[in-house]
Amino acid sequence: MAEAAKTVHSPLVTYVSMLSLLTLCPPFVILLWYTMVHADGSIVQTAQFLKQNGLQGFIDIWPRPSAIAWKIIFIYGAFEAALQLLLPGKRVEGPISPTGKRPVYKANGMAAYFVTLATYIGLWWFGIFNPTVVYDHLGDIFSALIFGSLVFCVFLFIKVRVKCSVERILYVNPVMSLTSNNNALCKGHLAPSSTDSGSSGNIIIDFYWGMELYPRIGKDFDIKVFTNCRFGMMAWAVLAVTYCIKQYEQYGNVADSMLVNTILMLVYVTKFFWWEAGYWNTMDIAHDRAGFYICWGCLVWVPSIYTSPGMYLVNHPVNLGTQLALSILIAGILCIYINYDCDRQRQEFRRTNGKSLVWGKPPSKIVATYSTTKGETKTSLLLTSGWWGLARHFHYAPEILAAFFWTVPALFNHVLPYFYVVFLTILLFDRSKRDDDRCRSKYGKYWKVYCERVPYRIIPGVY
């Protein structure tokens, strides 16, 4: 049998962090919504209310999922699922999986994005549906998403029940690493979509990190593409537009602060769907399993937390002035472009097998080999020039700055609008460490050489 599992973080930190996120994230979503919408964005005001009213006060402010909330979620989800299945798109292959398989996708995200926004704005423009209804029932919607998404994660948890080898466990959850003993077996659940699935042997870890890499319903409906891209990221754009329309209908105009916030978030989401095929090669899709962390996060956390600066601005219009508004807008767009160009540069490098020019010069690279769980030897190219010569995860720096620029129009009267910036910083710094640990395990000596050539993780010269 295999030896005891070894965690990247200490076992205590690992379990405490998972249990904390499982129990605290759902109520935090409700508290953030209540504070933004009903407590003037003031953490102090919400804290005083809870101090005076205790647990009953918290129960009272937690909205019950209403029929209209379920209806909105169902119609939106069904619409996005239909677009994912029915819109035409280019056939795209994902990266080779740990078991040597290569997933296939239909790249129609950009078309789905434009159809979604055109339909949503068109319904408002022609008086068929008013997006302010979404804002007015936002608490109900978030509450319904919290419970509905938990049920969905349970479905994913019981979906997979197969025997798996220790090597496969290495990819089941990204905080674990095991010995290479090949005799250990683990239990799975019911109906996995592929052999890239299995259990770590720990219920909490399996539920939190997930058990299946590429879960699908039928042959063509990819669950992670739906939760991450078509539901979560699409909801980000839809809610950004919703907040803008709500402010317009409430005040008769849209403040320049809201315009800057909305434009920057829409530019970012547009960039995401333009580059969606590249996203399918990232850690979220190619390495993180479908569990609470990814799926609940994209179904609930992204629509609620990622859009929170715009949620705050609805009732707190700020007039920045043309010069300041344009300065913030240009800085934010520049950061989004750099973030995109980092990903484009690496994607083009991989597409051309290292033969593309990087900043007008032949790229500097490392040819690395690794083994799949089946013992097959594969080759990867590690780019060490261009943006990727500055730091191993330099693209995270402009992404964090972009989030700051679409938040700063709220100015600094309250700290809560900046929660997303703080959260994103912690998330990406932790992700960079997890990715480094994964690559070190995968590439071995080649990764050591890579780190010697590119010594900084995110911020050149600093970290």
Side-chain angles (χ1 to χ4, degrees), residues 76 79-80 83-84 87-90 92 105-125 131 134 224-245 254 256-282 284-285 298 302-311 313 325-326 328-348 387 395-409 420-421 424 428:
Y76 167 72
F79 183 72
E80 293 305 325
L83 294 182
Q84 181 177 333
L87 286 178
K90 181 181 177 182
V92 174
Y105 304 97
K106 182 167 62 172
N108 58 8
M110 199 66 178
Y113 176 63
F114 281 122
V115 169
T116 298
L117 289 187
T119 301
Y120 193 60
I121 296 171
L123 290 173
W124 170 63
W125 186 263
V134 175
K224 281 170 70 179
V225 170
F226 176 74
T227 58
N228 296 26
C229 306
R230 308 309 169 79
F231 195 101
M233 291 300 295
M234 200 73 75
W236 189 348
V238 168
L239 287 175
V241 172
T242 298
Y243 299 151
C244 196
I245 291 174
V254 179
D256 54 8
S257 54
M258 178 63 89
L259 283 175
V260 170
N261 169 268
T262 305
I263 291 171
L264 286 179
M265 287 200 292
L266 288 180
V267 169
Y268 181 84
V269 178
T270 303
K271 182 271 300 183
F272 173 87
F273 283 107
W274 177 264
W275 171 77
E276 186 184 42
Y279 174 69
W280 295 332
N281 290 277
T282 67
D284 287 354
I285 299 295
C298 289
V302 170
S304 59
I305 305 302
Y306 287 34
T307 68
S308 58
M311 190 193 310
L313 284 169
L326 284 176
I328 295 172
L329 183 64
I330 292 170
I333 291 175
L334 178 61
C335 288
I336 294 170
Y337 171 76
I338 293 174
N339 174 255
Y340 162 75
D341 196 53
C342 289
D343 291 319
R344 181 207 60 79
Q345 191 176 81
R346 182 172 60 179
Q347 190 173 2
E348 184 67 10
W387 298 114
H395 59 315
Y396 290 159
E399 185 166 355
I400 293 169
L401 285 173
F404 172 79
F405 284 120
W406 67 59
T407 302
V408 78
Y420 170 64
V421 181
L424 182 67
L428 295 183

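Just the heavy atoms: all of them, side chains too, but no hydrogens, waters or symmetry mates, feed the values below. Worth saying up front: this structure is predicted, and the values here are computed from it rather than measured.
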Visitor: Would you call Phe273 and Cys229 a side-chain contact if the rule is heavy atoms closer than 4.5 Å?
Guide: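 The answer is yes, as the side chains (C-beta and beyond) meet within the 4.5 Å cut-off.
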Visitor: Work out which heavy atom in Ala107 is nearest to a heavy atom in Val92; give both atom names and the distance.
Guide: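 Taking every non-hydrogen atom into account, CB-CG2, 3.7 Å.
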Visitor: As an exercise, state the distance from CH2 of Trp274 to CE of Met110, rounded to the nearest 0.5 Å.
Guide: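 Trp274 CH2 to Met110 CE: 6.0 Å, rounded to 0.5 Å.
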Visitor: With a 4.5 Å cut-off on side-chain heavy atoms, are Leu83 and Arg230 touching?
Guide: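 They are not in contact (no side-chain heavy atoms under 4.5 Å apart), so the answer is no.
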Visitor: Can a donor-acceptor pair be found between the side chains of Asn228 and Tyr279 at a distance below 3.5 Å?
Guide: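 Their side chains do contain a donor-acceptor pair, which is all the 3.5 Å distance test asks for.
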Visitor: Nearest heavy-atom pair of Ala403 and Val421: which atoms, and what distance?
Guide: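 Of all heavy-atom pairs spanning Ala403 and Val421, the closest is O-CG2, 3.7 Å.
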Visitor: How close do Pro88 and Asn108 get, counting heavy atoms only, and between which atoms?
Guide: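 Answer, listing the atom of Pro88 first, then Asn108: O-CB, 3.1 Å.
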Visitor: How many angstroms lie between atom CE of Met265 and atom OH of Tyr268, to the nearest 0.5 angstrom?
Guide: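 One gets 12.0 Å once the value is rounded to the nearest 0.5 Å.
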Visitor: Show, in sequence, the C-alpha distance, side-chain angles and deciding distance for Trp275 and Thr282, and conclude whether the side chain to side chain contact (heavy atoms under 4.5 Å, CB included) test is met.
Guide: CA-CA 11 Å; Trp275 171 77; Thr282 67; 3.5 Å; yes
Visitor: Distance from Tyr120 atom OH to Phe79 atom CZ, nearest 0.5 Å?
Guide: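 Between atom OH of Tyr120 and atom CZ of Phe79 there are 12.5 Å.
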Visitor: Could you check whether any side-chain N or O of Gln345 sits under 3.5 Å from a backbone N or O of Trp387, counting only pairs where one atom can act as donor and the other as acceptor?
Guide: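 Checking the backbone N and O of Trp387 against the side chain of Gln345, a donor-acceptor pair under 3.5 Å is found.
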Visitor: Any donor and acceptor pair, going by atom type alone, linking the side chain of Tyr306 with main-chain N or O of Gly232 inside 3.5 Å?
Guide: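 Flag not set: sc Tyr306 to bb Gly232 has no pair under 3.5 Å.
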Visitor: Can you name the closest pair of heavy atoms from Ala111 and Leu87 and give their distance?
Guide: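 That would be C-CD1, 3.8 Å.
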Visitor: So which heavy atom on Phe405 is nearest to which on Gly332, and how close?
Guide: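 Here Phe405 and Gly332 meet closest at CB-CA, 3.8 Å.
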Visitor: How far does CD1 of Ile328 sit from CD1 of Ile263, to the nearest 0.5 angstrom?
Guide: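 If I round to the nearest 0.5 Å, the distance is 12.0 Å.
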Visitor: To the closest 0.5 Å, what do you measure between CG (Asn339) and CZ (Phe272)?
Guide: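 Atom-to-atom, Asn339:CG and Phe272:CZ are 11.5 Å apart.
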Visitor: Go through Ile285 and Asn281 one step at a time and tell me if the side chain to side chain contact (heavy atoms under 4.5 Å, CB included) criterion holds.
Guide: CA-CA 7 Å; Ile285 299 295; Asn281 290 277; over 6 Å; no
Visitor: How long is the straight-line distance from OG1 of Thr242 back to CE of Met311, given to the nearest 0.5 Å?
Guide: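 The distance works out to 11.0 Å.
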Visitor: Before giving the answer on side chain to side chain contact (heavy atoms under 4.5 Å, CB included), spell out for Tyr243 and Leu313 the whole-Å C-alpha distance, their side-chain angles and the decisive distance to 0.1 Å.
Guide: CA-CA 8 Å; Tyr243 299 151; Leu313 284 169; over 6 Å; no
Visitor: Of all heavy-atom pairs between Val260 and Ala325, which one has the smallest distance, and what is that distance?
Guide: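 Nearest pair, atom of Val260 first, then Ala325: CG2-O, 3.6 Å.
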Visitor: Going through the distances and angles, do Leu266 and Val241 end up as a side chain to side chain contact (heavy atoms under 4.5 Å, CB included)?
Guide: CA-CA 8 Å; Leu266 288 180; Val241 172; 4.2 Å; yes
Visitor: Start with the C-alpha distance between Lys271 and Glu399, add both sets of side-chain angles, then the distance that settles salt bridge (Lys or Arg N to Asp or Glu O under 4.0 Å), and finish with yes or no.
Guide: CA-CA 12 Å; Lys271 182 271 300 183; Glu399 185 166 355; 5.8 Å; no
Visitor: Sequence neighbours left out, what passes ring pair (Phe, Tyr, Trp, His ring centres under 6.0 Å) with Tyr105? Give chain and number order.
Guide: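 Trp280.
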Visitor: Is there side-chain contact between Tyr420 and Trp406, with at least one heavy-atom pair below 4.5 Å?
Guide: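 Answer yes - side chains close enough.
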